[in-house]
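Within every chain, numbering begins at 1; the chains are lettered A, B, ... in the order of the sequence lines, protein sequences first and strands thereafter. We use all heavy atoms of the structure for the numbers below, so side chains are in, but hydrogens, waters and symmetry mates are not.
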2 protein chains.
Amino acid sequence: MNYSIKSRIWIESNGKVLLGHGRIELLKAIDQYGSLSKAAKALQLSYKKAWQLVDAVNKSAKQPVTINSIGGKNGGGMQLTDYGKNLIKIFETINENCWAFLDEQLKKIKTF
Amino acid sequence: MNYSIKSRIWIESNGKVLLGHGRIELLKAIDQYGSLSKAAKALQLSYKKAWQLVDAVNKSAKQPVTINSIGGKNGGGMQLTDYGKNLIKIFETINENCWAFLDEQLKKIKTF
DNA sequence: AATCGTTATGTTTTTACAAATATAACGATT
DNA sequence: AATCGTTATATTTGTAAAAACATAACGATT
């Protein structure tokens with residue numbers, strides 16, 4: 001039995017993607033760096049692509065996920081809201097539970 | 001709460017994709033029509049793409065998933081082996097269980 | 001008002017992938 | 001041996017997504 005089972009989950013809001021693996025990684029990097037441009041660089045993502053992703057998340061979410069500031073002493077920055085941090089937590093918990101569930105399902109299959 | 005949770009699962013064999021949603025749909029269509037070309041047409045898939053998918057499945061699976069015949073009275077055809085039919089059953093069962101599990105997980109979240 | 005590093009956005013170029021096209025191989029049937 | 005509808009495979013073309021490039025807007029600081 002060299003077969004293994006993998007999965008990707010995502011959360012939708014009104015039929016549109018709210019959060020998937022890539023967006024979660026981006027939000028975590030924003031939280032880490034306090035800057036979208038730095039987060040994009042760390043993930044080897046173009047700034048524009050990263051901005052579009054964050055914009056899409058904020059437009060689909062029920063509450064803002066980031067706080068964006070332009071200009072100022074360090075040019076500005078981007079932080080996560082508490083709501084955003086909570087979304088990450090929920091997503092990752094469900095994702096890990098899903099992995100465990102699938103591994104268990106595979107174990108139940110005797111032969112193939 | 002208009003959030004919903006979706007998923008895609010796939011089975012890997014030695015680190016390579018064996019079966020995912022698209023391949024399962026294709027195998028089911030082959031089973032239905034007894035022909036790869038007809039199955040491809042039904043799924044609005046180019047014959048070549050369909051053939052490559054089936055070829056990849058057969059190369060990754062531990063046992064052949066299809067029986068292919070070339071030439072003959074009706075030009076040939078493609079059937080599923082019992083092993084192939086069994087793989088479909090297993091995949092779909094686990095997939096449905098996964099959906100139910102994720103819906104349940106989402107219900108557990110009180111507010112967001 | 002000049003500078004700085006950031007967010008925000010438009011425009012162009014590249015690239016990866018899908019689709020389309022073409023053709024060979026096959027074997028039962030006639 | 002000619003035909004037929006299929007599987008098998010190579011080559012070309014098209015297209016949509018990604019990347020690259022460019023520039024505007026912003027506001028605290030100097």
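Rounding to the nearest 0.5 angstrom, the gap separating the CG atom in A:L19 from the CD1 atom in A:I24 is 4.5 Å. Distance check: B:C98 SG to B:I9 CD1 gives 6.0 Å after rounding to the nearest 0.5 Å.
Rounded to whole Å, atom P of D:dA18 lies 15 Å from atom CG of A:L43. For the pair B:N68 CG and D:dT9 P, the interatomic distance rounds to 10 Å; values are reported in whole Å. What separates NZ of A:K41 from C1' of D:dA19 is a distance of 15 Å, to the nearest Å. A straight line from CD1 of B:I70 to P of D:dT6 spans 14 Å, rounded to a whole angstrom. For the pair A:Y33 OH and C:dG5 C1', the interatomic distance rounds to 17 Å; values are reported in whole Å. Here C:dC26 presents its P atom at 16 Å from CE of B:M78, a figure rounded to the nearest Å. Atom CG of A:L36 is separated from atom P of D:dC26 by 18 Å (rounded to the nearest Å).
In the model, B:S60 has no side-chain atom that pairs as donor or acceptor with a side-chain atom of B:N14 under 3.5 Å.
When every heavy atom of B:N97 is checked against every heavy atom of A:Q105, the shortest pair comes out as ND2-OE1, 2.8 Å. Among all heavy-atom pairs drawn from B:R23 and B:V17, the shortest one is NH1-O, 3.1 Å.
In this structure, B:K38 does not reach the D:dG5 phosphate: none of its side-chain N or O atoms is under 4.0 Å from OP1 or OP2.
In the hydrophobic clustering of ILVMFWY residues, with side-chain heavy atoms under 4.5 Å counting as a link, A:L26 and A:Y33 come out apart.
Along DNA chain D, the nucleotide nearest to A:N74 and the one nearest to B:G72 differ in position, and the one closer to the 5' end is contacted by B:G72. Each of A:K73 and A:S69 was assigned the nucleotide of DNA chain C with the nearest heavy atom; the assignment lying further toward the 5' end belongs to A:K73.
Using five terminal pairs a side, the axes of the helix from C:dA1-D:dT30 to C:dT30-D:dA1 at its two ends make an angle of 10°, given in steps of 10 degrees.
Classification of A:K107 and A:D103 as a salt-bridged pair fails, no side-chain N sitting under 4.0 Å from a carboxylate O.
A donor-acceptor pair under 3.5 Å links the side-chain atoms of B:T81 to the main chain of B:P64, judged by distance alone.
Ring planes of A:F101 and B:F101: parallel class, angle under 30° (limits at 30 and 60°).
For DNA chain C, the residues of residues 44-60 of chain A within the heavy-atom distance limit of 4.0 Å (strictly under) are A:Y47, A:K48, A:W51, sorted by number.
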